[in-house]
**Student:** 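Supplied in structure tokens, the structure appears directly below.
On a predicted model such as this, the values are computed, not experimentally measured, just so you know.
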Amino acid sequence: WLPALQLVRRGSKAVTRHWKAMHFQRQKLMAVTEYVAPRPAIPPRCLAPRKETVEKEDGYRLLLQRQVQEVFRDSRMVAVCQYNSMPDEEVVLMRHYLRKHNIEVKFVLNEIVRPVLSQSKYKNLLPLFVARNILLVSPETKAKEMLRVLKGVPQVNLLGACIDDTILSRRGVENFAKLPSLEATQGQTVGALALLPSQTSSLLQRGPAHLTALLDQHLHRLRDGDTGGDTESTGGDTESPAKPSPAQSSEAH
């Protein structure tokens with residue numbers, strides 16, 4: 001069964017929007033009514049040049065930058081650490097434990113530190129100042145004590161350090177902490193340097209000492225032989241008559 005009325009659409013859809021050129025009169029009207037900006041009353045070349053206003057740097061910012069410069073100049077150890085949020089009580093405890101070893105904690109901003117480091121010899125530390133950072137500074141090289149304290153504070157991660165004007169990574173700081181103290185190293189160096197001259201001196205004195213001992217022994221033997229011959233000659237005179245000398249025996253004949 002088929003319906004009585006069935007609609008079937010054939011062919012493509014009609015497109016009514018075609019590009020059409022603008023009418024000639026409309027083009028003239030658009031050209032006449034186009035906006036033309038008015039010319040300035042005074043030519044620009046006759047105007048006085050504008051004075052460029054120089055923005056003065058903030059005094060507080062300069063003070064903070066000067067403090068950062070003093071920290072890097074007066075400290076033998078400057079450690080850069082990544083700081084994550086932690087309770088205030090733990091921050092106070094960390095500062096207390098570090099202060100026992102003469103290590104201070106400095107909270108700094110990257111906007112303050114980066115301009116200072118870019119103009120100094122510590123510019124290789126710039127890649128470490130990306131997120132929120134703190135500085136652990138000390139006038140002494142207390143790397144071992146610092147690592148011992150940071151081991152109990154997982155929120156503070158050591159990124160690198162500058163020790164005695166030498167930039168070290170985290171692995172370098174750990175290796176530096178394993179080294180003996182300066183006094184022990186100096187003692188070992190002095191002992192090693194004193195050992196070679198002492199060995200050389202003993203080698204040089206061994207030959208003359210041995211020769212002297214041989215000569216002393218030879219003298220003792222000679223003295224013992226002389227004393228033995230004297231005693232034998234005196235004993236022969238008492239017991240038997242003296243033997244005639246060769247000259248006397250020839251005269252007798």
**Student:** Suppose we screen for salt bridge (Lys or Arg N to Asp or Glu O under 4.0 Å). Which residues come up paired with Lys144, at least two apart in sequence or across chains?
**Tutor:**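 Lys144 satisfies salt bridge (Lys or Arg N to Asp or Glu O under 4.0 Å) with no residue once adjacent residues are dropped.
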**Student:** Side-chain donor-acceptor pairs under 3.5 Å in residues 100-121, sequence neighbours left out?
**Tutor:**
from   : atom 1 : to     : atom 2 : distance (Å)
Asn110 : ND2    : Val130 : O      : 3.2
Asn110 : ND2    : Ala131 : O      : 2.8
Arg114 : NH1    : Leu126 : O      : 3.2
Arg114 : NH1    : Phe129 : O      : 2.9
Ser118 : OG     : Arg114 : O      : 3.2
Ser118 : OG     : Pro115 : O      : 2.8
Ser120 : OG     : Val116 : O      : 3.4
Ser120 : OG     : Leu117 : O      : 3.1
Ser120 : OG     : Tyr122 : N      : 3.4

**Student:** Just to verify, what does Ala161 make a side chain to side chain contact (heavy atoms under 4.5 Å, CB included) with, not counting sequence neighbours?
**Tutor:**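 Expected list: Ala79, Ile163, Val173.
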**Student:** Locate the shortest heavy-atom distance separating Val153 from Met86; write the atom from each residue and the value.
**Tutor:**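 Looks like CG1-CE, 3.8 Å.
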**Student:** Same cluster or not: Tyr83 versus Leu128, using hydrophobic residues (I, L, V, M, F, W, Y) connected whenever any side-chain heavy atoms lie under 4.5 Å apart?
**Tutor:**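 No, because Tyr83 and Leu128 fall into different hydrophobic clusters, even though each may have its own neighbours under 4.5 Å.
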**Student:** List for me each residue that meets side-chain hydrogen bond (donor to acceptor under 3.5 Å, both in side chains) alongside Glu140, sequence neighbours excluded, and say none if there are none.
**Tutor:**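 In terms of side-chain hydrogen bond (donor to acceptor under 3.5 Å, both in side chains), with neighbours along the sequence ignored, Glu140 is linked to Lys142.
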**Student:** Just verifying a value: how many Å separate Leu214 CG and Leu219 CG, rounded to the nearest 0.5 Å?
**Tutor:**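 It is 11.0 Å, given to the nearest 0.5 Å.
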**Student:** Gln25: what forms a side-chain hydrogen bond (donor to acceptor under 3.5 Å, both in side chains) with it, not counting sequence neighbours?
**Tutor:**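 If we apply the side-chain hydrogen bond (donor to acceptor under 3.5 Å, both in side chains) test to Gln25, skipping adjacent residues, there are no hits.
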**Student:** To the nearest 0.5 angstrom, please state how far the SG atom of Cys81 sits from the CE atom of Met146.
**Tutor:**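 One finds 6.5 Å between SG of Cys81 and CE of Met146.
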**Student:** For the hydrophobic clusters of this structure (ILVMFWY residues joined by side-chain heavy atoms under 4.5 Å, transitively), does one cluster hold both Val80 and Leu136?
**Tutor:**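 No, Val80 and Leu136 fall in different hydrophobic clusters.
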**Student:** Is there side-chain contact between Val156 and Asn84, with heavy atoms separated by less than 4.5 Å?
**Tutor:**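 Sidechains of Asn84 and Val156: no contact.
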**Student:** Establish whether Leu159 and Ile134 are linked, either directly or via other cluster members, by ILVMFWY side-chain heavy-atom contacts under 4.5 Å.
**Tutor:**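 In one cluster: no.
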**Student:** Could you list all the salt bridge (Lys or Arg N to Asp or Glu O under 4.0 Å) pairs where at least one residue sits in residues 73-96, not counting sequence neighbours?
**Tutor:**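 Every pair satisfying salt bridge (Lys or Arg N to Asp or Glu O under 4.0 Å) with a residue in residues 73-96: Arg76-Asp164.
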**Student:** Any pair with a residue in residues 185-204 that passes salt bridge (Lys or Arg N to Asp or Glu O under 4.0 Å), sequence neighbours left out, goes on the list, sorted by first then second residue, please.
**Tutor:**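 Listed by first then second residue: nothing to list.
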**Student:** According to the salt bridge (Lys or Arg N to Asp or Glu O under 4.0 Å) rule, which pairs have a member within residues 192-205, sequence neighbours left out?
**Tutor:**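 Residue pairs with at least one partner in residues 192-205: there are none.
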**Student:** Can you tell me how far the CZ atom of Arg221 sits from the NE2 atom of His218, to the nearest 0.5 Å?
**Tutor:**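 These two atoms lie 9.0 Å from each other.
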**Student:** Can you pull out every salt bridge (Lys or Arg N to Asp or Glu O under 4.0 Å) where at least one residue sits in residues 187-197? Sequence neighbours excluded, please.
**Tutor:**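 Those involving residues 187-197 do not exist here.
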**Student:** What's the spacing between Leu158 CG and Lys151 NZ if we round to 0.5 Å?
**Tutor:**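 Leu158 atom CG to Lys151 atom NZ measures 14.0 Å (nearest 0.5 Å).
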**Student:** Running the 4.5 Å side-chain criterion over Ile, Leu, Val, Met, Phe, Trp and Tyr, what cluster does Leu215 land in, apart from itself?
**Tutor:**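 Noted: Leu215 shares its cluster with Leu211.
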**Student:** Is there a path from Val78 to Leu98 through hydrophobic residues (I, L, V, M, F, W, Y) whose side chains come within less than 4.5 Å of each other?
**Tutor:**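 Different clusters: Val78 never reaches Leu98 through Ile, Leu, Val, Met, Phe, Trp or Tyr contacts under 4.5 Å.
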**Student:** Do Phe72 and Leu168 sit in one hydrophobic cluster, given that two such residues count as connected whenever their side-chain heavy atoms are within less than 4.5 Å of each other, even indirectly?
**Tutor:**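 No.
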**Student:** Tell me every residue that passes side chain to side chain contact (heavy atoms under 4.5 Å, CB included) with Asn124, counting only those two or more places apart in sequence or in another chain.
**Tutor:**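 Asn124 satisfies side chain to side chain contact (heavy atoms under 4.5 Å, CB included) with Ile167 once adjacent residues are dropped.
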**Student:** Hey, are the side chains of Phe176 and Leu147 touching, using non-hydrogen atoms and a 4.5 Å cut-off?
**Tutor:**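 With C-beta onward as the side chain, the pair stays apart.
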**Student:** Rounded at 0.5 Å granularity, tell me how far CZ in Arg61 sits from CG in Leu63.
**Tutor:**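 Rounded to the nearest 0.5 Å, the CZ-CG separation comes to 12.5 Å.
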**Student:** Would you list the atom pairs, donor with acceptor, under 3.5 Å between side chains in residues 28-35 and any protein atom, with sequence neighbours excluded?
**Tutor:**
from  : atom 1 : to    : atom 2 : distance (Å)
Thr33 : OG1    : Leu29 : O      : 2.8
Thr33 : OG1    : Met30 : O      : 3.4

**Student:** Would Lys178 and Glu174 pass as an ion pair if we require N to O under 4.0 Å?
**Tutor:**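 Salt bridge: no.
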